[in-house]
Amino acid sequence: MPRVLVVGGGIAGDAVALMLGRAGWEVTVAEIAPQLRGGGQAVDLRGDCREVLAKLGLLDEVLSVLLFQRGAAWVDRDGHRLATMPVEAFNGNGYVSKEELLRSDLARVLHDATNAHVTYLFGETVEELEDAPHGVSVTFRNAPPAEFDLVIGADGAHSRVRRLRFGPEETFRRPLGLAHAWFTLEETPKTPGIDGWFLTHNAPGSRAASVRPGHRGEQEVGLTFPATTLPPRQDREAQFTLLDRVFADVGWRTPEFLDAARRAPDFALDTLDQIHVPKWHDGRVVLLGDSAWCASPLSGLGTALALRGAEALADAIADADALRIPHRLSDALTAFESAMRPRVDAAQRMFPGRVRQAAPRTELGIQAAAWLVRQVQKPPLAKAFGRLMGDRGHTQLA
């Protein structure tokens, strides 16, 4: 029985682990977090996400944990709406889908489905990867060394597997000029309700504060601002200080969000980057998901690419014998890249226009973006724009 190591227990990692485990392979997942990760942004089920989850037999379970969604709205510093886009816009292909759930809920569904097929090593990652005569010899941070027929690096944009096997992160990272913080705000009796709306306030200087539906009694917050480097991830206080300084004069609910960030157990802050790796496999090591091709959260396609990529990789190496014959494995991994490259290239071509739309620099730009949201929903633009968004499976507007 072939042995496969998946490094990273996120959406891409758990999905490919589930597929290979069901195919009868011995699958181990090494996840650096001490337990299943919480938090994260909302996931849109349109397009590839729905198709792959249906094939896995998980769609009904995922649909049972959808969030209540009314649509998206952009507000000024006093909370007055500048523009809205309901979920019904463009025949359901607008900015927000009526079928969205939290990334943590999708991760839990995938993880629970793997339980009978996959061994998990939480609080674990890899320290060394060395070629062996018939596989890859892996040195873990804590667990005993082991040898695997294939190593899949699905450990995100800051991939350790990619650094060990392909080179330093700086070689592949393409900064988009923005950083983003996201976290869960626990509601109190004084917390303003959002009634299913994804609300965004843009402020001059390419800053944005947003809030969207979460679990009952919670709201999911995002703070976006210009940056290509940040304080160390371990220095949480420096991160909070940076946010306080950058958003000091931003109105609406921003002071409330800054206060909530310090109490949120799932607070995360990172730059918005793309990852461009010329070749996703080297011998018996292959990259998957954001490790290979991060298009950034601004693309709206991260989860779709992760699920479709997991399917493409599992399909390419469906023949277990390919893992034992080097040239057949190389051919299979090349076929995986050929299948995914067009999708990834299309997702990554959405910039830099998307960056300007997400975070206008000036008050005039903010007003122009709101005006555009209103105009594209009017005939005859609505019909043409609806066809365009239907082809993409989502919108990249605003």
Side-chain angles (χ1 to χ4, degrees), residues 8 10-13 15-16 40-53 72 90 92-97 99-100 103 106 152-159 162 166 169 171-180 182 222 224 270-281 286-316 333-359 385 387-398:
I11 302 301
V16 76
Q41 302 186 6
V43 172
D44 182 342
L45 287 187
R46 289 174 289 194
D48 286 348
C49 290
R50 171 179 270 270
E51 292 178 11
V52 175
L53 290 168
F90 310 116
N93 288 314
Y95 186 63
V96 172
S97 166
E99 292 187 345
E100 299 204 9
R103 179 206 165 279
L106 175 57
I152 301 173
D155 47 342
H158 302 296
S159 172
R162 189 184 62 234
F166 296 83
E169 182 174 311
T171 304
F172 311 110
R173 175 176 175 251
R174 304 290 185 271
L176 298 176
L178 295 175
H180 184 72
W182 58 97
T224 305
D270 205 349
T271 52
L272 297 182
D273 308 316
Q274 289 190 341
I275 297 296
H276 293 255
V277 183
K279 186 179 179 182
W280 297 336
H281 70 278
V286 60
L287 301 176
L288 175 67
D290 283 351
S291 304
W293 60 63
C294 180
S296 102
L298 290 179
S299 73
L301 292 171
T303 301
L305 290 172
L307 289 172
R308 187 62 80 185
E311 179 188 52
L313 179 56
D315 286 349
L333 298 180
T334 299
F336 155 66
E337 292 203 27
S338 297
M340 285 303 298
R341 282 285 179 186
R343 293 175 181 271
V344 169
D345 290 346
Q348 293 184 327
R349 279 198 299 267
M350 294 174 184
F351 301 91
R354 178 65 181 129
V355 176
R356 292 193 296 269
Q357 292 169 359
F385 203 77
R387 287 197 298 268
L388 174 62
M389 293 306 101
D391 290 341
R392 292 185 179 180
H394 60 93
T395 182
Q396 293 305 310
L397 179 67

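Heads up: numbering here begins at 1 and tracks the sequence.
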Check: Side chains of Asp48 and Glu311: does their closest heavy-atom pair fall under 4.5 Å?
Finding: no

Notebook entry, point to check: What are the two closest non-hydrogen atoms of Ala310 and Ala12, and how far apart are they?
Noted result: CB-O, 3.9 Å

Notebook entry, point to check: SG/Cys294 to CG/Leu301 distance, rounded to the nearest 0.5 angstrom?
Noted result: 11.5 Å

Next item on the list: Report the distance from atom CG of Leu287 to atom CG of Leu313, rounding to the nearest 0.5 Å.
Entry: 10.5 Å

Next item on the list: Identify the two heavy atoms, one from Ala312 and one from Ala339, that lie closest to each other, and give their separation to 0.1 Å.
Entry: CB-CB, 4.5 Å

Next item on the list: Measure the CD-CZ distance between Glu100 and Arg46 for me, rounded to the nearest 0.5 Å.
Entry: 6.5 Å

Next item on the list: Please check if the side chain of Ser291 supplies one atom and the backbone of Gly156 the other of a donor-acceptor pair under 3.5 Å.
Entry: yes

Checklist line | Side-chain touch His180/Pro297, heavy atoms, less than 4.5 angstrom | finding: no

Checklist line | N/O donor-acceptor pair under 3.5 Å between Glu337 side chain and Lys279 backbone | finding: no

Notebook entry, point to check: Got a second to check how far Met340's CE is from Arg308's CZ, nearest 0.5 Å?
Noted result: 8.5 Å

Checklist line | Residue pair Leu307 / Glu51, side-chain heavy-atom distance below 4.5 Å | finding: no

Check: Is His281 close to Phe336 at the side-chain level, that is, under 4.5 Å between some pair of heavy atoms?
Finding: no

Checklist line | Minimum heavy-atom distance between Gln348 and Ile275, given as atom pair plus value | finding: NE2-O, 3.0 Å

Note to self: I want to check a possible cation-pi pair here: Arg343 against Trp293, using under 6.0 Å from ring centre and within 45° of the ring axis as the test.
What the structure shows: no

Check: Taking C-beta and beyond as the side chain, do Asp155 and Arg162 meet within less than 4.5 Å on heavy atoms?
Finding: no

Notebook entry, point to check: Could you state the interatomic distance from CD (Glu99) to CG (Asp44), rounded to the nearest 0.5 Å?
Noted result: 8.5 Å

Next item on the list: Would you give the length of the straight line joining atom CZ of Arg174 to atom OG of Ser296, rounded to the nearest 0.5 angstrom?
Entry: 14.0 Å

Notebook entry, point to check: Should Leu178 and Leu298 count as side-chain neighbours, where that means a heavy-atom distance under 4.5 Å?
Noted result: yes

